[in-house]
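Everything on this sheet refers to the single structure shown next.
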Amino acid sequence: AYRYAVPRLPRPLARRQRLLEQLDSSIPLTVVRGPVGVGKSTLVAQWLAALPQEIDAAWVTLDEDIDSAARLWEEIGQALGVTGVVSPGTDLIASRRAIRHAIHRWSAPLVIVVEAYERIHDPQAHRDVAELLRQCPNLRLVVCTRAEGRLRDTCRRQGVESTVID
C-alpha cells in the first residue's frame with residue numbers, strides 16, 4: 001500500500017518557499033517536472049503537509065507503466081479508497097464514472113497527486129484526466145513527472161488551465 005501513501009519528509013528539510021507558493025495556486029492541474037532525485041515528490045509532500053485540514057488529498061505512485069486509461073482509474077480509485085473518498089474494496093473504484101461521482105459528492109476540496117506520471121502511455125488517459133478536471137471544480141491534480149508528455153496539451157484543448165513547476 002506504499003504506492004498510496006504520501007512519502008515521509010526527510011530531515012533536515014530545505015524549505016523551497018517560491019516553489020511551495022506556486023503549488024498554492026488554484027489552477028486545476030500542476031505539473032511538477034524534473035529529473036530523478038531533484039525533489040519533486042518531497043516538494044509536493046511538504047506542500048501537502050502544510051495544507052489546511054479541510055483539504056483532502058490522495059496520493060498514488062505509479063511503479064509500473066500504465067498502458068490503458070482503465071488501469072489509471074484503478075490506481076486513482078485505490079488512492080481515493082485509502083483517503084475515504086470512495087469505499088475501498090468495491091469494484092466501482094476502477095470506474096472513471098464512479099470516481100467522478102464520488103468526487104462530486106465529496107464536500108471538501110480534493111487534491112490528487114500522481115507521482116511518476118511519465119509512466120502513462122495511453123492518450124485516452126490524458127483525455128479522461130482533462131475531462132475529470134473540467135467536470136469537478138473541487139478537484140486539483142498535481143503530477144510529478146520526469147517528462148511533461150501530452151497531458152498539458154490535452155487539458156489546454158479541453159479548456160483546463162495548467163501550470164508547470166520546473
Side-chain angles (χ1 to χ4, degrees), residues 3-4 6 19-35 38 40-41 43-45 47-48 51 54-87 90-166:
R3 292 187 332 223
Y4 310 110
V6 177
L19 298 175
L20 291 169
E21 287 170 7
Q22 286 181 269
L23 278 165
D24 274 336
S25 77
S26 60
I27 294 173
L29 170 65
T30 301
V31 176
V32 181
R33 181 178 60 199
V38 77
K40 300 177 295 293
S41 302
L43 173 70
V44 175
W47 173 71
L48 286 178
L51 283 178
E54 63 271 8
I55 299 176
D56 294 309
W59 185 290
V60 60
T61 299
L62 302 177
D63 61 357
E64 58 187 39
D65 287 351
I66 304 293
D67 293 323
S68 73
R71 181 80 176 94
L72 172 63
W73 294 114
E74 183 180 315
E75 291 294 328
I76 289 175
Q78 291 290 337
L80 291 174
V82 170
T83 305
V85 175
V86 298
S87 299
T90 66
D91 290 337
L92 293 176
I93 62 174
S95 158
R96 178 174 53 103
R97 202 169 116 226
I99 289 169
R100 186 184 73 229
H101 288 305
I103 292 170
H104 270 293
R105 284 191 312 270
W106 199 250
S107 58
L110 176 64
V111 174
I112 298 175
V113 177
V114 179
E115 182 181 16
Y117 194 90
E118 72 275 0
R119 291 181 168 271
I120 298 172
H121 303 294
D122 182 358
Q124 183 61 48
H126 307 315
R127 290 189 293 273
D128 287 354
V129 166
E131 182 180 336
L132 185 70
L133 287 168
R134 205 169 32 80
Q135 294 174 342
C136 298
N138 62 322
L139 176 63
R140 282 199 58 210
L141 180 70
V142 176
V143 301
C144 299
T145 184
R146 296 176 192 171
E148 189 170 332
R150 301 205 179 273
L151 179 59
R152 284 191 71 219
D153 287 341
T154 303
C155 284
R156 184 180 36 76
R157 283 194 300 276
Q158 291 199 30
V160 176
E161 191 178 358
S162 65
T163 189
V164 175
I165 298 173
D166 286 307

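Only a predicted model underlies this, so the values are computations on that prediction, with no experimental measurement involved. Note that these values count all heavy atoms, side chains included, but never hydrogens, waters or copies made by symmetry.
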If you look at every heavy atom in [X] and [Y], which pair is closest and at what distance?
X: V32; Y: V44; answer: CG2-CG2, 3.9 Å
X: V164; Y: R152; answer: CG2-NH1, 2.9 Å
X: A79; Y: V60; answer: CB-CB, 4.0 Å
X: L133; Y: P28; answer: CD2-O, 3.7 Å
X: A102; Y: V86; answer: CB-CG1, 3.3 Å
X: Y117; Y: L62; answer: CA-CD1, 4.3 Å

Report the distance from atom [atom1] of [X] to atom [atom2] of [Y], rounding to the nearest 0.5 Å.
X: L23; Y: I165; atom1: CG; atom2: CD1; result: 3.5 Å
X: H126; Y: E131; atom1: NE2; atom2: CD; result: 15.0 Å
X: H101; Y: R105; atom1: NE2; atom2: CZ; result: 8.0 Å
X: I55; Y: N138; atom1: CD1; atom2: CG; result: 11.0 Å
X: I76; Y: W59; atom1: CD1; atom2: CH2; result: 13.5 Å
X: E74; Y: I99; atom1: CD; atom2: CD1; result: 9.5 Å

>> Quick check on side chain to side chain contact (heavy atoms under 4.5 Å, CB included): which of T163, V142, V160 does I27 satisfy it with?
In response: T163

> Restricting to pairs with a member in residues 157-166, which pass salt bridge (charged side-chain N to carboxylate O under 4.0 Å, His left out), not counting sequence neighbours?
Replying inline: R33-D166

>> Testing the 3.5 Å rule here: is there a donor-acceptor pair between the side chains of W106 and D56?
In response: yes

>> As a quick check of understanding, evaluate side chain to side chain contact (heavy atoms under 4.5 Å, CB included) for L132 and R96, giving each step before the final call.
In response: CA-CA 8 Å; L132 185 70; R96 178 174 53 103; 5.6 Å; no

> So D24 and W47, side chain to side chain contact (heavy atoms under 4.5 Å, CB included) or not? Walk me through it.
Replying inline: CA-CA 8 Å; D24 274 336; W47 173 71; 2.8 Å; yes

>> Testing R71, R3, R119 one by one against E64 for a salt bridge (Lys or Arg N to Asp or Glu O under 4.0 Å), which residue passes?
In response: R71

> Mind checking what makes side chain to side chain donor-acceptor pair (under 3.5 Å) contact with D153, not counting sequence neighbours?
Replying inline: R156

> For Q124, what residues pass the side chain to side chain donor-acceptor pair (under 3.5 Å) criterion, not counting sequence neighbours?
Replying inline: R127, D128

>> Treating E118 as the side-chain partner and R146 as the backbone partner, does any N or O pair qualify as donor plus acceptor under 3.5 Å?
In response: yes

>> Does D122 form a side chain to side chain contact (heavy atoms under 4.5 Å, CB included) with L72? I'd like the steps, not just the answer.
In response: CA-CA 9 Å; D122 182 358; L72 172 63; over 6 Å; no

>> Is the shortest side-chain heavy-atom distance between L80 and L110 below 4.5 Å?
In response: yes

> Checking side chain to side chain contact (heavy atoms under 4.5 Å, CB included) for the pair I112/I103: CA distance, chi angles, key distance, verdict?
Replying inline: CA-CA 11 Å; I112 298 175; I103 292 170; 4.2 Å; yes

> Within a reach of under 6.0 Å around CZ of R150, are more than 12 heavy atoms found that belong to other residues, nucleotides or ligands?
Replying inline: no

